[in-house]
Amino acid sequence: MKIKKAIIPAAGLGTRVLPASKSVPKEMLNIVDKPAIQYIVEEAARAGIEDILIITNRGKVAIEDHFDHSFELETQLAANPAKASLYESVKKCSSLANIYFIRQKETKGLGHAILAGKSFIGNEPCAILYGDDVIINDENPVIGQMCKLYEKYGKGIVGVKAVPEELIPMYCTLNVTPVEGEERLMNCYDIIEKPKPEQIMSPYAILGRVILPPGAMDMIERGVAETPEGKEFLFTDTLTELGRAGNLFAYDFDGRRYDMGNKLGMMKANCEVALDHPEIGAQFREYIKELASKL
Ligand code: UTP
């Protein structure tokens, strides 16, 4: 079954990048000249995903505005031939894909946010792209790599990367074995969220991209319903359930990932993307060299 729909949860509070995220959604913080969430929408669109649901909340209208037409701006730019490429870049924002929005009415965690997309997804498989994880691979978008594997095997997939051992307790740890004949694919049997050092099973952690098979939304719904008031349902619990039922792969994706939810990640993203930028790349490279020589 082909994956045609994606959910981008973008309703978190973004406390790690305050005060920048106080009135600007963290998903709208820029990497050079585009907001983080545009890179994510472009990744999904390039993978052939036509329908994208963005989960927002009452403080995130800037996201909706960004993917809408900006009539006045577009009219002004269109009237000036010298601004043709700017016009194209602005116009493109509203035609990347069919983009829908729904609000998560209470900030009750990632699983609860994804559940807001249940009726949008119906009984189809879907791609989940975390709204603050930008993953760059211009030739072969990471979510497209994962969609192809879903089409081949029909199982849930978590995008993973090896992380340094001392950081694993901040993420999760996965029990994995290689899949024969597939270079980057692993069976994933179990997951422990925020493990103690003695619980670490492999260097891999889940980073920002997931494929959910049909039925996973029902599992999330059950988990949310069974979670006591005041406690957060962990999305990882659904992934663990899929893994224990033999229905989950881990995929060591091929792409550069930037965590836009923390300050260092934001700076790395801006720096590395600027170095490759067609307009400012060469000048920025000279600047970085000069700066580095003084450090
Ligand atoms: P994070 O845990 O990284 O986002 O969730 P956060 O809660 O905003 O982070 P901090 O700790 O306060 O800085 C990953 C993705 O899930 C979304 C976030 O917007 C982010 O894109 N999310 C998180 C929701 O949509 N709803 C939530 O209740 C929590």
Side-chain angles (χ1 to χ4, degrees), residues 1-11 25 27-28 31 34-57 60-71 74 87-104 110 113-159 207-218 220-221 235 249 251 253-255 257 260:
M1 200 169 181
K2 207 170 149 43
I3 296 190
K4 297 193 203 115
K5 293 181 181 169
I7 296 179
I8 303 181
E27 297 80 8
M28 285 298 292
I31 303 177
K34 280 192 292 191
I37 196 162
Q38 186 175 337
Y39 289 84
I40 298 170
V41 167
E42 286 175 0
E43 177 190 339
R46 285 212 322 279
I49 293 174
E50 290 155 15
D51 294 316
I52 301 173
L53 177 70
I54 302 182
I55 316 287
T56 64
N57 65 25
K60 306 241 180 182
V61 278
I63 300 179
E64 294 179 38
D65 289 345
H66 184 74
F67 293 108
D68 196 358
H69 275 290
S70 175
F71 184 74
E74 286 175 31
Y87 170 66
E88 287 307 323
S89 71
V90 169
K91 207 169 84 148
K92 181 180 161 199
C93 299
S94 57
S95 58
L96 288 166
N98 304 320
I99 303 183
Y100 307 84
F101 299 91
I102 193 166
R103 288 187 180 192
Q104 182 189 21
L110 181 57
I114 293 169
L115 186 58
K118 186 171 187 271
S119 58
F120 172 77
I121 296 302
N123 202 30
E124 290 181 40
C126 70
I128 310 287
L129 300 93
Y130 299 7
D132 57 355
D133 268 315
V134 171
I135 306 182
I136 295 182
N137 179 330
D138 290 332
E139 279 83 49
N140 191 7
V142 165
I143 203 66
Q145 299 169 26
M146 293 171 65
C147 287
K148 282 187 199 117
L149 288 166
Y150 177 81
E151 281 163 31
K152 189 166 171 191
Y153 293 103
K155 287 191 190 187
I157 309 172
V158 288
L207 298 176
R209 299 291 179 268
V210 175
I211 302 286
L212 288 180
M217 281 289 184
D218 296 329
I220 300 175
E221 189 168 43
F235 177 48
F249 285 129
Y251 174 65
F253 59 75
D254 177 16
R257 178 240 177 198
M260 290 294 287

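Remember, predicted model here, so these are calculated numbers, not experimental data. Heads up: numbering here begins at 1 and tracks the sequence.
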Stepwise, does the side chain to side chain contact (heavy atoms under 4.5 Å, CB included) test hold for F67 with I37? CA-CA 10 Å; F67 293 108; I37 196 162; 3.8 Å; yes
Verify side chain to side chain contact (heavy atoms under 4.5 Å, CB included) between I63 and M28, making sure each step is shown before the conclusion. CA-CA 7 Å; I63 300 179; M28 285 298 292; 3.7 Å; yes
Over all heavy atoms of both residues, which pair between [X] and [Y] is shortest? Give the atoms and the distance, please.
{"X": "G117", "Y": "L53", "value": "CA-CD2, 3.4 Å"}
{"X": "A47", "Y": "P141", "value": "N-CG, 4.0 Å"}
{"X": "I3", "Y": "C147", "value": "CB-SG, 3.9 Å"}
{"X": "I121", "Y": "C126", "value": "CD1-CB, 3.4 Å"}
{"X": "N137", "Y": "G255", "value": "CB-CA, 4.2 Å"}
{"X": "I55", "Y": "A113", "value": "CD1-O, 3.6 Å"}

pair [X]-[Y]: side-chain heavy atoms closer than 4.5 Å:
{"X": "N140", "Y": "K148", "answer": "yes"}
{"X": "L115", "Y": "F235", "answer": "no"}
{"X": "L129", "Y": "I143", "answer": "yes"}

Stepwise salt bridge (Lys or Arg N to Asp or Glu O under 4.0 Å) check, R257 with D133: CA-CA 7 Å; R257 178 240 177 198; D133 268 315; 2.7 Å; yes
Sorted by chain and residue number, the salt bridge (Lys or Arg N to Asp or Glu O under 4.0 Å) partners of K5 (sequence neighbours excluded) come out as E124
Test log, rule side-chain hydrogen bond (donor to acceptor under 3.5 Å, both in side chains), inputs E74 and Y87: CA-CA 6 Å; E74 286 175 31; Y87 170 66; 5.1 Å; no
Is there a donor-acceptor pair under 3.5 Å between the side chain of [X] and the backbone N or O of [Y]?
{"X": "Y39", "Y": "I31", "answer": "yes"}
{"X": "N57", "Y": "A11", "answer": "yes"}
{"X": "K2", "Y": "E151", "answer": "no"}
{"X": "N123", "Y": "P214", "answer": "no"}

For residues 134-158, which residue pairs pass the ring pair (Phe, Tyr, Trp, His ring centres under 6.0 Å) check, not counting sequence neighbours? Y153-F249
Please check if atom NZ in K34 has more than 12 non-hydrogen atoms from other residues, nucleotides or ligands closer than 6.0 Å. yes
Apply side chain to side chain contact (heavy atoms under 4.5 Å, CB included) to the pair Q38 and E43, showing each step before the final yes or no. CA-CA 8 Å; Q38 186 175 337; E43 177 190 339; over 6 Å; no
Please lay out, stage by stage, how I8 and Y130 fare under the test side chain to side chain contact (heavy atoms under 4.5 Å, CB included). CA-CA 6 Å; I8 303 181; Y130 299 7; over 6 Å; no
Counterpart residues, side chain to side chain contact (heavy atoms under 4.5 Å, CB included), relative to D68 (two or more places apart): none
